[in-house]
S.K.: 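Would you mind keeping the following structure in view while I ask a few things?
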Amino acid sequence: MSFRGTNASSGMGVAEHSKITYMELQRKKVYRYLIFKIDEKKNEVVVEKTGGPAEGYEDFTASLPENDCRYAVYDFDFVTSENCQKSKIFFIAWSPSVSRIRSKMLYATSKDRFRRALEGIHYEIQATDPTEMDLEVLRERAH
């Protein structure tokens with residue numbers, strides 16, 4: 001079976017700005033979280049929203065649309081049982097069950113390529129409703 005044009009499994013391209021913004025979160029701690037969306041006109045994943053270092057998890061989850069898919073990166077700070085301050089970067093593929101099937105398909109087929117472009121991700125979460133990415137889920141994964 002052949003596909004015309006781009007390889008159907010490769011998904012969307014990754015905007016250079018998306019990679020740079022991610023590196024600023026990862027290395028410089030400029031942001032607490034990033035929310036990415038697929039820009040179908042440009043055929044690439046772009047930054048939709050950035051959250052400052054003072055913003056919390058509630059701000060992050062409130063920024064995700066209730067009825068559409070997004071990719072997100074969250075820099076989770078925590079203290080270990082040995083009282084060490086640590087940080088883990090979570091990649092979240094947000095795909096609410098009420099979103100359009102076309103959107104779910106587009107995000108699902110583009111996820112791997114986009115995720116690979118972001119080096120240094122510690123954990124990945126696939127969430128279809130808010131309980132699947134609750135703060136407790138992040139805590140359990142990080143410890």
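The basis for the numbers below is simple: all heavy atoms, side chains too, and nothing from hydrogens, waters or symmetry mates.
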S.K.: As an exercise, state the distance from CE of Met105 to OG of Ser110, rounded to the nearest 0.5 Å.
M.R.: 10.5 Å
S.K.: Show the nearest heavy-atom pair for residues Ala72 and Leu64, with the distance to one decimal.
M.R.: CB-CD2, 4.3 Å
S.K.: Could you tell me the separation between the CE atom of Met133 and the CZ atom of Phe90, rounded to the nearest 0.5 Å?
M.R.: 11.5 Å
S.K.: In the structure I gave you, are the side-chain heavy atoms of Met12 and Leu106 within less than 4.5 Å of one another anywhere?
M.R.: yes
S.K.: Can you name the closest pair of heavy atoms from Asp59 and Ser63 and give their distance?
M.R.: O-OG, 2.8 Å
S.K.: Kindly give the heavy-atom pair with the smallest separation between Val46 and Ala15, and that separation in Å.
M.R.: CG1-CB, 4.0 Å
S.K.: Is it possible for you to say whether Trp94 and Ile35 belong to one hydrophobic cluster, with membership spreading through side-chain heavy-atom contacts below 4.5 Å?
M.R.: yes
S.K.: Phe36 pairs by side chain to side chain contact (heavy atoms under 4.5 Å, CB included) with which of Asp39, Leu34, Ile38?
M.R.: Leu34
S.K.: Okay, side chain of Arg141, backbone of Glu124: is any donor-acceptor separation there less than 3.5 Å?
M.R.: yes
S.K.: Would one find more than 12 heavy atoms of other residues, nucleotides or ligands at under 6.0 Å from atom NZ of Lys49?
M.R.: yes
S.K.: Answer yes if Tyr74 and Tyr22 sit in the same cluster of Ile, Leu, Val, Met, Phe, Trp and Tyr residues linked by side chain heavy atoms under 4.5 Å apart, and no otherwise.
M.R.: no
S.K.: May I ask you to test the Leu25-Ile89 pair for a side-chain heavy-atom distance under 4.5 Å?
M.R.: yes
S.K.: Enter the distance from Glu66:CD to Thr61:OG1 here, rounded to the nearest 0.5 Å.
M.R.: 10.5 Å
S.K.: Under a 4.5 Å cut-off applied to non-hydrogen side-chain atoms, are Lys37 and Pro65 in contact?
M.R.: no
S.K.: Within a reach of under 6.0 Å around NZ of Lys86, are more than 12 heavy atoms found that belong to other residues, nucleotides or ligands?
M.R.: no
S.K.: Residues in ring-ring contact (aromatic ring centres under 6.0 Å, His included) with Tyr71, at least two apart?
M.R.: Phe91, Tyr107, Phe114
S.K.: On a heavy-atom basis, which atom in Glu119 and which in Gln26 lie closest, and how many Å separate them?
M.R.: O-NE2, 3.0 Å
S.K.: Following the transitive rule for hydrophobic clusters with a side-chain heavy-atom cut-off under 4.5 Å over Ile, Leu, Val, Met, Phe, Trp and Tyr, establish whether Ile125 and Leu118 coincide in one cluster.
M.R.: no
S.K.: Measure the SG-CZ distance between Cys69 and Arg100 for me, rounded to the nearest 0.5 Å.
M.R.: 8.5 Å
S.K.: Closest approach of Ser87 and Lys29, non-hydrogen atoms and distance?
M.R.: OG-NZ, 3.1 Å
S.K.: How long is the gap from NE2 on His122 to CG on Asp75, to the nearest 0.5 Å?
M.R.: 9.0 Å
S.K.: Under 4.5 Å between side-chain heavy atoms, counting indirect links through other Ile/Leu/Val/Met/Phe/Trp/Tyr residues: same cluster for Val137 and Tyr123 or not?
M.R.: yes
S.K.: For Thr50 and Tyr31, indicate whether the former's side chain and the latter's backbone hold a donor-acceptor pair under 3.5 Å.
M.R.: no
S.K.: To the nearest 0.5 Å, tell me how far Asp77 CG sits from Lys88 NZ.
M.R.: 11.5 Å
S.K.: Among the clusters formed by ILVMFWY side chains lying less than 4.5 Å apart, do Val73 and Val45 turn up in the same one?
M.R.: yes
S.K.: Can you tell me if Gln85 has over 12 outside heavy atoms packed within less than 6.0 Å of its CD?
M.R.: yes
S.K.: Any idea which heavy atoms bring Ala93 and Lys111 closest together, and the distance?
M.R.: CB-CD, 3.8 Å
S.K.: Side chains of Arg139 and Phe78, heavy atoms from C-beta outward: is any pair under 4.5 Å?
M.R.: no
S.K.: Salt bridge between Asp68 and Arg70, side-chain N to carboxylate O under 4.0 Å?
M.R.: yes
S.K.: Between the main-chain N or O of Thr128 and the side-chain N or O of Glu132, is there a donor-acceptor pair closer than 3.5 Å?
M.R.: yes
